[in-house]
Amino acid sequence: MSDDLFLKIIAREIPADIVYENDDVLAFRDVNPQAPLHVLIIPKAHIRTINDMRAEDTELFGKLFLAASEIAAEHGVAKDGYRVVMNCNSAAGQTVFHVHLHLLGGRELGWPPG
Ligand code: DGP
């Protein structure tokens, strides 16, 4: 857990541009944005990857998507469209081992992703 960078953001030990917060969820702008709107939406609980998700986390993961839809609406990308993606482990490009939903919007997004 001590290597969990995002826990440090939750604890305000590392600064971040926070755009959304409630009791269970925090969202902040990605430090290396890949779109005009690129927000990371994370649970405050320490969960390393999707593989570590348990049945009792189902509601919490749902809250990440609910946050995504609210943030997208607030930032004006809901109508045109946006993407949410969660990378799992190294082959998918996960580099921070605290689950996070990427919210990308504000430009045309190609498919399939690289
Ligand atoms: P992933 O590759 O799916 O694990 O995405 C990790 C993302 O986290 C990556 O897009 C860059 C972002 N990131 C890494 N360190 C920091 C940080 O200290 N602050 C912020 N805001 N974002 C970070």
Side-chain angles (χ1 to χ4, degrees):
M1 233 193 257
S2 60
D3 63 342
D4 185 338
L5 179 68
F6 288 170
L7 282 183
K8 294 187 170 73
I9 289 178
I10 293 165
R12 276 34 177 205
E13 292 168 14
I14 292 175
D17 185 354
I18 292 168
V19 299
Y20 179 101
E21 181 169 24
N22 62 30
D23 287 347
D24 303 307
V25 174
L26 185 74
F28 51 89
R29 291 185 189 273
D30 194 292
V31 77
N32 183 24
Q34 302 301 311
L37 180 66
H38 186 173
V39 170
L40 302 174
I41 304 164
I42 69 172
K44 290 186 175 176
H46 173 76
I47 302 171
R48 281 178 58 81
T49 77
I50 301 172
N51 294 338
D52 300 299
M53 182 182 179
R54 303 155 303 166
E56 53 265 42
D57 298 322
T58 305
E59 186 178 351
L60 179 59
F61 275 65
K63 289 179 180 179
L64 302 181
F65 283 88
L66 187 62
S69 73
E70 292 179 18
I71 295 164
E74 187 179 329
H75 290 80
V77 301
K79 185 165 177 288
D80 282 349
Y82 60 94
R83 180 171 296 157
V84 290
V85 63
M86 187 178 280
N87 298 322
C88 182
N89 278 338
S90 59
Q94 185 176 5
T95 58
V96 177
F97 289 88
H98 181 121
V99 290
H100 49 280
L101 201 56
H102 292 260
L103 164 58
L104 298 142
R107 67 169 171 84
E108 291 294 316
L109 298 164
W111 189 265

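Counting starts at 1 for both ligands and their atoms, following the listed order.
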Is [X] in contact with ligand 1, taking contact as a heavy-atom separation below 4.0 Å?
X: Phe97; answer: no
X: His102; answer: yes
X: Ile9; answer: yes
X: Gly93; answer: yes

Protein heavy atom at shortest distance from [atom]:
atom: atom 15 (N) of ligand 1; value: Leu5 CD2, 3.2 Å
atom: atom 11 (C) of ligand 1; value: Asp30 OD1, 3.3 Å
atom: atom 22 (N) of ligand 1; value: Val31 N, 3.2 Å
atom: atom 4 (O) of ligand 1; value: Thr95 N, 2.7 Å

Check whether more than 12 heavy atoms from other residues, nucleotides or ligands sit under 6.0 Å from atom CD of Glu59, and answer yes or no. no
Among Leu40, Thr49, Asn32, whose heavy atom sits nearest atom 8 (O) of ligand 1? Leu40
Return the option from Arg29, His38, His98, His100 holding the heavy atom at the smallest distance from atom 1 (P) of ligand 1. His100
Quick one: does Phe28 get an N or O within less than 3.5 Å of an N or O on ligand 1?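 Such a contact does not occur with ligand 1.
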Which of the numbered atoms in ligand 1 are below 4.0 angstrom from a heavy atom of Phe6? 8 (O)
Contacting atoms of ligand 1, where contact means under 4.0 angstrom from a heavy atom of Asn87: 1 (P), 2 (O), 3 (O)
If the test is side-chain contact (heavy atoms from CB on, under 4.5 Å), which one of Val99, Val25, Ile10 qualifies with Ile42?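 Testing Ile42 for a side-chain contact (heavy atoms from CB on, under 4.5 Å) against Val99, Val25, Ile10 leaves exactly one candidate, Ile10.
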Could you check Asp30, Val31, Ile9 and say which one makes a side-chain contact (heavy atoms from CB on, under 4.5 Å) with Leu40? Asp30
Of the non-hydrogen atoms in Pro43 and Leu64, which two are nearest, and what is the gap between them?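 Closest heavy-atom pair between Pro43 and Leu64: N-CD2, 3.6 Å.
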Has the side chain of Glu74 got a donor or acceptor atom that lies under 3.5 Å from a matching backbone atom of Gly76?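 The answer is no, because no donor-acceptor pair under 3.5 Å joins these two groups.
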Audit row: Asp24, Lys44, side chain to side chain contact (heavy atoms under 4.5 Å, CB included) steps and yes/no: CA-CA 5 Å; Asp24 303 307; Lys44 290 186 175 176; 5.9 Å; no
Can we call the ring centroids of His102 and His100 under 6.0 Å apart? yes
Can a donor-acceptor pair be found between the side chains of Tyr20 and Asn22 at a distance below 3.5 Å?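 Distance-only check passes for Tyr20 and Asn22.
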Residue pair Tyr82, His75: steps toward the side chain to side chain contact (heavy atoms under 4.5 Å, CB included) verdict: CA-CA 11 Å; Tyr82 60 94; His75 290 80; over 6 Å; no
